[in-house]
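Data first, discussion second: the structure below is written as structure tokens.
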Amino acid sequence: MAESEKDQIIRKLKAENKGLQEQIAYLRRKLFDHKSEVLNPNQTSLFEKENSVFNEPEQTGDQSSSASNQVRPKKSKKKTRREKVDSKVPVRVTIIKTADGKCPAGHSGIKPIGTRYVREEFHFIPARAYLEKIYEQTYKCEQCAHDTATSGLFKPLVPPALFPHSLASVSLVAEIIHDKFVLGVPLYRQLSGIRRLGYQTSEATLANWVNKSAQQLLPLYEEIHWHLCSAHHLQGDETPIEVLREPGKAATSRSYMWVARTPIKQPNSIVYYAYGTTRSGVFAQSLYEGYLGVLQCDGYSGVQPTWK
């Protein structure tokens, strides 16, 4: 090998050696040199023997469980499907029988010896609509015709219509009121469902039915208020609402919905709503007029004159 080639190899190896030494020095600085971040001198060390965080032996599964104060969470009782169905829901029992009254081998003369529970299913019957045409039967009493010298014709008493000259029935109006005030479905959305059932009407007609029904239920509403004022303990409050197209008031003006109720855990609890255009004490006095029991409310000054 020529002298010049040997020198080149030596220089190359020295350069590689120098590079490796620089890499080792860099890695040593990264691992063992002081960092630039400032440490709290009072911070507890993880590894020093005197102030170490891990200076106590870790409890293992072999140690006594009585030495541990750990509270184990209680497992909640698994609910069954029966607990989710109200006891008032009607129950229908279905027993699956053979279609032809024969055993799988084709023999007749089989007899049932028992049943085995399989499963439960919760069913829903969709709404059905029909048009009822009501006629009144005409009768003739021969005895009355002979005794009174008349024709003896008579007709039975026909129950009055819910609303005169209207197709509204009690079941239809009750469903409309339930969907609006219990489920919160607006009348215009109910209208599309009624039309799909085959009855073409308008939102104004549904609104008139609701208003007329409220007028017919006014005696029941007053009876509920009388029972409410007879209770020993009441809970009351009021909340602001905005009413659209209210005569004499802007749509952004405040009205109030007052509510009074008996305690929720009381049997046959009563919830009474009263609409007022104002929050004045005059309306509160009319709402609680004649009440002599205990009223739980927010301390609104307008209610206080009721007991003076």
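- In terms of heavy atoms, C229 sits closest to Y291 at O-CD1, 3.3 Å.
- Distance alone, capped at 3.5 Å, places no donor-acceptor pair between the T262 side chain and the L234 backbone.
- Here R254 does not pair with E242 in a salt bridge; the nearest charged N to carboxylate O distance is not below 4.0 Å.
- Taking 4.5 Å as the limit, every side-chain heavy atom of L197 sits out of range of all side-chain heavy atoms of R128.
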Per-pair distances, 0.1 Å, donor-acceptor, side chain in residues 174-194, under 3.5 Å, sequence neighbours excluded:
residue, atom, partner, partner atom, Å
Q190, NE2, I176, O, 3.3
Q190, NE2, V185, O, 3.1
S192, OG, R189, O, 2.8

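- Hydrophobic clustering (ILVMFWY, side-chain heavy atoms < 4.5 Å, transitive): L218 and W258 are in one cluster.
- A distance of 8.0 Å separates CG of N208 from OG of S202, quoted to the nearest 0.5 Å.
- Every residue was checked against the side chain to side chain contact (heavy atoms under 4.5 Å, CB included) condition with Q215, not counting sequence neighbours, and none meets it.
- Using a 4.0 Å cut-off between charged side-chain N and carboxylate O, R119 and E121 make a salt bridge.
- Looking at E238 and D298, their side chains come closer than 4.5 Å, going by heavy atoms from C-beta outward.
- Partners of Y199 by ring-ring contact (aromatic ring centres under 6.0 Å, His included), not counting sequence neighbours: none found.
- When only modelled atom types and interatomic distance are considered, H227 and E223 share a side-chain donor-acceptor pair under 3.5 Å.
- Counting only N and O atoms by type, the side chains of S255 and K249 include a donor and acceptor under 3.5 Å apart.
- Side-chain contact between K155 and Q137: absent, with no pair of heavy atoms (C-beta onward) separated by less than 4.5 Å.
- Listed here is the closest heavy atom pair of S269 and P263: CB-O, 3.7 Å.
- I134 and L167 are members of different hydrophobic clusters when ILVMFWY side chains are connected at heavy-atom separations under 4.5 Å.
- A donor-acceptor pair under 3.5 Å is absent between the side-chain atoms of N17 and the main chain of L13, judged by distance alone.
- In this pair, Y272 and H225 present their aromatic rings tilted. The plane angle is within the 30 to 60° band.
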### Task
Show your reasoning for whether ring pair (Phe, Tyr, Trp, His ring centres under 6.0 Å) applies to Y256 and Y275.
CA-CA 6 Å; Y256 291 86; Y275 169 75; 9.4 Å; no
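- No option in R28, E22, R29 other than R29 meets the side-chain contact (heavy atoms from CB on, under 4.5 Å) test with Y26.
- Residues D237 and T239 have side chains not in contact (no heavy-atom distance under 4.5 Å, counting atoms from C-beta outward).
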Let me check something: any side-chain donor-acceptor pairs from residues 88-103 under 3.5 Å, sequence neighbours excluded? List them with distances.
residue, atom, partner, partner atom, Å
T98, OG1, G101, N, 3.2
D100, OD1, K102, N, 3.2

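- Clustering ILVMFWY residues whenever any of their side-chain heavy atoms sit less than 4.5 angstrom apart, transitively, puts V210 in the very cluster that holds L162.
- When each of I264, L228, I224, V259 is paired with V271, the side-chain contact (heavy atoms from CB on, under 4.5 Å) condition holds for V259 and for no other.
- Contact detail for G236 and Y288: the closest heavy-atom pair is CA-OH, 3.5 Å.
- Remark: R11 engages D7, Q8 in a side chain to side chain contact (heavy atoms under 4.5 Å, CB included) (not counting sequence neighbours).
- Counting heavy atoms from C-beta on, the side chains of K140 and F154 never come closer than 4.5 Å.
- Note that NZ of K18 and CG of L20 are 12.5 Å apart. Values are rounded to the nearest 0.5 Å.
- The OH atom of Y130 sits 6.5 Å away from atom OG of S171, with the distance rounded to the nearest 0.5 Å.
- Note that the CD atom of Q143 and the CG atom of D147 stand 4.5 Å from one another [nearest 0.5 Å].
- Between A274 and F283, the shortest heavy-atom contact is CB-CZ, 4.0 Å.
- Between the NE2 atom in H146 and the SG atom in C141 there is a gap of 12.0 Å [rounded to 0.5 Å].
- At a threshold of 4.5 Å between non-hydrogen side-chain atoms, the residues S213 and V173 count as touching.
- Looking at heavy atoms from C-beta onward, Y273 lies in side-chain contact with M257 at the 4.5 angstrom threshold.
- Every residue two or more places apart in sequence or in another chain was checked for a side-chain hydrogen bond (donor to acceptor under 3.5 Å, both in side chains) with H107, and none qualifies.
- Residue R261 holds its CZ atom at 6.5 Å from CD of Q235, rounded to the nearest 0.5 Å.
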